[in-house]
Amino acid sequence: MIYNTIQAKEAPSNTKGAIHWLKENLFSSILNSILTIMAFYLLYMIIPPLINWMIIDATWSGSKEEITKDGARWIFIKEKFHHFVYGFYPEEFYYRPNLALVLTFLYIYIFRKTNNKNIRYFIFFSYPIIIYTLVAGGFGLEHIETHKWGGLLLTIVVATVGIIVSFPIGIILALGRASNMPIIRTLSTIYIEFFRGVPLITILFMSSVVLPLFFPSELEFDKLLRAIIGITLFQAAYIAEVVRGGLQAIPKGQYEAADSLNLPYWKSMGFVILPQALKISIPNIVGSFISLFKDTTLLLIIGLFDLLAMVGLTSTDSNWLGFETEGYVFVALVYWAFCFSMSRYAKTLEVKFNTDNK
Amino acid sequence: MNKDIDIIKFQNLNKWYGDFHVLKDINLNVKEGERVVICGPSGSGKSTTIRCVNHLEPFQEGQLFVNGLELTEDIKRIKEIRSYTGMVFQHFNLFPHLSILENLTLAPIWVSGTPKNQAIETAMHYLERVKIADQADKYPNQLSGGQQQRVAIARCLCNSPKIMLFDEPTSALDPEMIGEVLDVMVELVEDGITMICVTHEMGFAKQVADRVIFMDAGQIVEENEPKAFFENPESERLKLFLNQICHH
Ligand SMILES: Nc1ncnc2c1ncn2[C@@H]1O[C@H](COP(=O)(O)OP(=O)(O)O)[C@@H](O)[C@H]1O
Ligand SMILES: [Mg+2]
């Protein structure tokens with residue numbers, strides 16, 4: 001044998017162990033060590049009791065009278081669940097919003113899978129009508145007045161309509177503010193600065209009190225619709241500012257290239273500038289949508305009962321006095337789940353649109 | 001093509017940025033099919049001059065005729081003149097969110113209304129010509145600077161311009177990539193497209209230019225055919241300038 005086979009050496013270990021990592025990251029200096037210890041102490045103080053309360057000592061089933069443990073009494077949530085989800089929507093019609101939700105997912109699925117333009121147009125234009133009819137009634141379906149809508153249903157309706165409608169308005173306003181036509185620029189600026197300078201509560205009050213003044217009194221103007229209009233106009237101003245930030249980040253060369261290729265204004269915006277500006281703005285746009293979602297809780301002020309308001313309302317039930325804590329914790333978890341999913345979705349969008357190192 | 005027609009005419013053109021007089025009495029005629037190179041120190045107004053031709057920059061005084069049409073502030077007129085011209089920028093200005101092929105077909109499809117498959121065919125033809133057809137589905141940031149600039153040239157050609165304006169097309173490139181871009185430009189000359197090129201690549205100027213123009217401080221100081229321009233410069237400023245760039 002000419003060649004000696006050499007035994008493969010073990011790769012140099014970079015797992016000098018957890019101890020090394022700890023030293024590098026948590027105990028690199030005295031100050032850092034103190035902070036680490038304090039943080040662990042805090043976690044130790046908070047987490048175990050919380051887990052005890054929420055899970056180990058919690059009452060998950062049975063009736064109110066049989067409660068023996070002193071943890072969370074989730075039976076309250078169970079009992080009032082339908083109120084949290086539907087408000088005072090009549091029970092026999094729960095299937096309608098449920099169907100609307102299922103249809104939404106189905107539509108989104110088809111919309112993404114199909115390449116047929118006509119199907120897409122059909123979905124795009126029929127969707128709002130079908131969903132509205134299902135939830136509100138019409139075409140033979142019994143009308144459910146909007147003051148009966150409530151809970152998560154109301155939150156989702158307001159947030160979704162607000163988000164979908166405010167987005168294009170916001171983009172138009174942003175383009176308006178960046179326009180070189182003085183009148184358009186001034187009007188857009190006034191609009192944006194007005195709505196950004198006024199708290200949402202004021203807008204909601206104004207839309208429920210002032211808006212009706214502009215319409216003939218016999219035309220009864222739905223309270224929920226007024227609230228949605230107010231929220232949408234408010235949100236549009238914020239979207240406009242976010243998009244404007246994105247527009248400003250686009251290099252001048254992109255505009256010049258589009259101009260020298262003779263692209264007309266709307267095409268150069270639509271194909272060249274906006275796709276890039278919106279891509280940069282995704283995190284901020286989603287951030288803005290998340291705050292809109294949370295802001296829907298202000299609907300309480302004008303007498304609409306969203307998810308949060310339902311907790312207050314159901315815990316005044318004389319049979320269930322003193323169960324707010326469970327209610328608020330539950331609602332907080334629901335809000336968190338929604339907002340967290342939105343920000344995760346934004347992350348996947350960012351990755352998807354990233355053409356830098358595709 | 002008619003070599004006797006002035007396709008671009010600057011007549012006493014003046015331009016200011018605020019108080020700053022950036023172009024002073026520019027008079028310049030370019031014949032159809034002619035290749036003009038503009039050089040001069042940085043800040044002398046070379047970019048501004050060629051950017052006036054497709055109205056990326058407005059001017060305040062004088063007249064500018066492109067293909068027989070006077071360039072005015074009228075949007076329709078500007079669009080018509082832009083439809084004859086293509087511009088290649090120092091920093092390429094490709095659209096980073098579109099693939100190479102989409103960069104090339106965007107204007108033909110959405111400006112001239114060319115059917116999509118025909119636009120793709122034309123685009124592939126020009127990508128072949130700039131020797132980059134195999135990259136058609138990539139995105140600009142995946143290409144080297146030299147490749148991106150060749151794509152930018154092909155993007156202009158897809159709109160069949162009569163006039164190509166180059167603003168220092170090689171000065172943002174690593175030295176080893178300058179050659180591949182200049183080669184593509186030299187080949188363009190055979191198509192008879194009118195070219196105005198701002199560049200300091202004197203080899204390129206000597207090889208292809210019909211005329212070389214020297215600008216300094218917003219003025220055209222000297223112009224001549226390449227041989228005389230480089231061998232017998234008249235003005236002191238040009239002598240100084242040529243000395244500087246040759247010692248690089
Ligand atoms: N938008 C602008 N506003 C003010 N001054 C400008 C602007 N663009 C260019 N300039 C000035 O005009 C002069 C000529 O610029 P430019 O044509 O880019 O020069 P060159 O291309 O020859 O280097 C420079 O002094 C530059 O600083
Ligand atoms: Mg320049």
Side-chain angles (χ1 to χ4, degrees), chain A residues 115-118 120 171 174-175 178-185 243 245-285 346 348-358, chain B residues 47 50-51 53-58 75-100 102-113 137-143 148 151-152 155-161 163-167 172:
Chain A
N115 288 321
N116 186 325
K117 259 194 191 149
N118 290 330
R120 287 193 162 182
I171 290 177
L175 292 177
S179 152
N180 46 23
M181 285 183 268
I183 295 180
I184 292 180
R185 191 173 55 230
V243 173
L247 288 175
Q248 281 172 341
I250 305 302
K252 210 168 133 236
Q254 293 289 307
Y255 291 90
E256 291 177 350
D259 278 349
S260 70
L261 288 173
N262 231 347
L263 283 169
Y265 177 79
W266 287 107
K267 285 174 185 160
S268 118
M269 288 301 142
F271 293 130
V272 177
I273 307 298
L274 277 177
Q276 298 183 60
L278 293 179
K279 187 178 99 183
I280 309 174
S281 318
I282 289 174
N284 290 330
I285 290 173
T348 61
L349 279 186
E350 269 179 77
V351 173
K352 186 176 150 201
F353 290 146
N354 182 7
T355 51
D356 291 350
N357 356 281
K358 233 187 208 166
Chain B
S47 300
I50 64 167
R51 288 157 61 88
V53 176
N54 63 350
H55 200 271
L56 284 185
E57 298 287 351
I75 281 286
K76 263 192 174 159
R77 182 60 60 87
I78 293 171
K79 294 228 168 253
E80 178 159 12
I81 286 175
R82 280 182 183 163
S83 72
Y84 308 134
T85 54
M87 184 167 239
V88 175
F89 301 87
Q90 184 175 357
H91 296 287
F92 333 132
N93 297 354
L94 296 177
F95 304 132
H97 61 300
L98 299 179
S99 72
I100 299 305
E102 289 166 336
N103 263 278
L104 267 67
T105 54
L106 185 68
I109 292 176
W110 295 104
V111 180
S112 349
D137 292 324
K138 291 201 176 163
Y139 285 83
N141 295 330
Q142 296 170 296
L143 269 53
Q148 289 191 50
V151 171
R155 181 171 73 176
C156 288
L157 294 175
C158 284
N159 303 303
S160 16
I163 301 163
M164 291 273 281
L165 307 165
F166 293 86
D167 192 358

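Just so we're on the same page: letters track the sequence lines, and every chain starts at 1. Because only heavy atoms are used, hydrogens play no part in the values below, and waters and symmetry mates are left out as well, while side chains stay in. Note that the structure is predicted; figures quoted are calculated from it, not measured.
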Q.
Checking A/Q276 now: which residues fulfil side chain to side chain contact (heavy atoms under 4.5 Å, CB included) with it, not counting sequence neighbours?
A.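 A/Q276: side chain to side chain contact (heavy atoms under 4.5 Å, CB included) contacts with A/I250, A/Q254, A/V272, B/P96, B/H97.
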Q: Please determine, among B/K138, B/R51, B/E102, the option with the most heavy-atom pairs under 4.5 Å with chain A.
A: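 Ranked by contacts with chain A, first place is B/R51.
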Q | Under 4.5 Å from a heavy atom of chain A, the part of B/L94 involved | A | backbone
Show me, pair by pair, the donor-acceptor contacts under 3.5 angstrom made by side chains of residues 85-93 of chain B, not counting sequence neighbours?
residue : atom : partner : partner atom : Å
B/T85   : OG1  : B/I81   : O            : 3.4
B/T85   : OG1  : B/R82   : O            : 3.3
B/Q90   : NE2  : B/S171  : OG           : 3.2
B/N93   : ND2  : A/G253  : O            : 3.1

Q: Go through A/S268, A/S260, A/P264 and name the one with the most non-hydrogen pairs under 4.5 angstrom from chain B.
A: A/S260
(Q) With a 4.5 Å cut-off on side-chain heavy atoms, are B/L157 and B/M164 touching? (A)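 Answer yes - side chains close enough.
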Q) Hey, does B/N54 have a side-chain heavy atom less than 4.5 Å from the side chain of B/I163? A)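 B/I163 does not reach B/N54 side chain to side chain.
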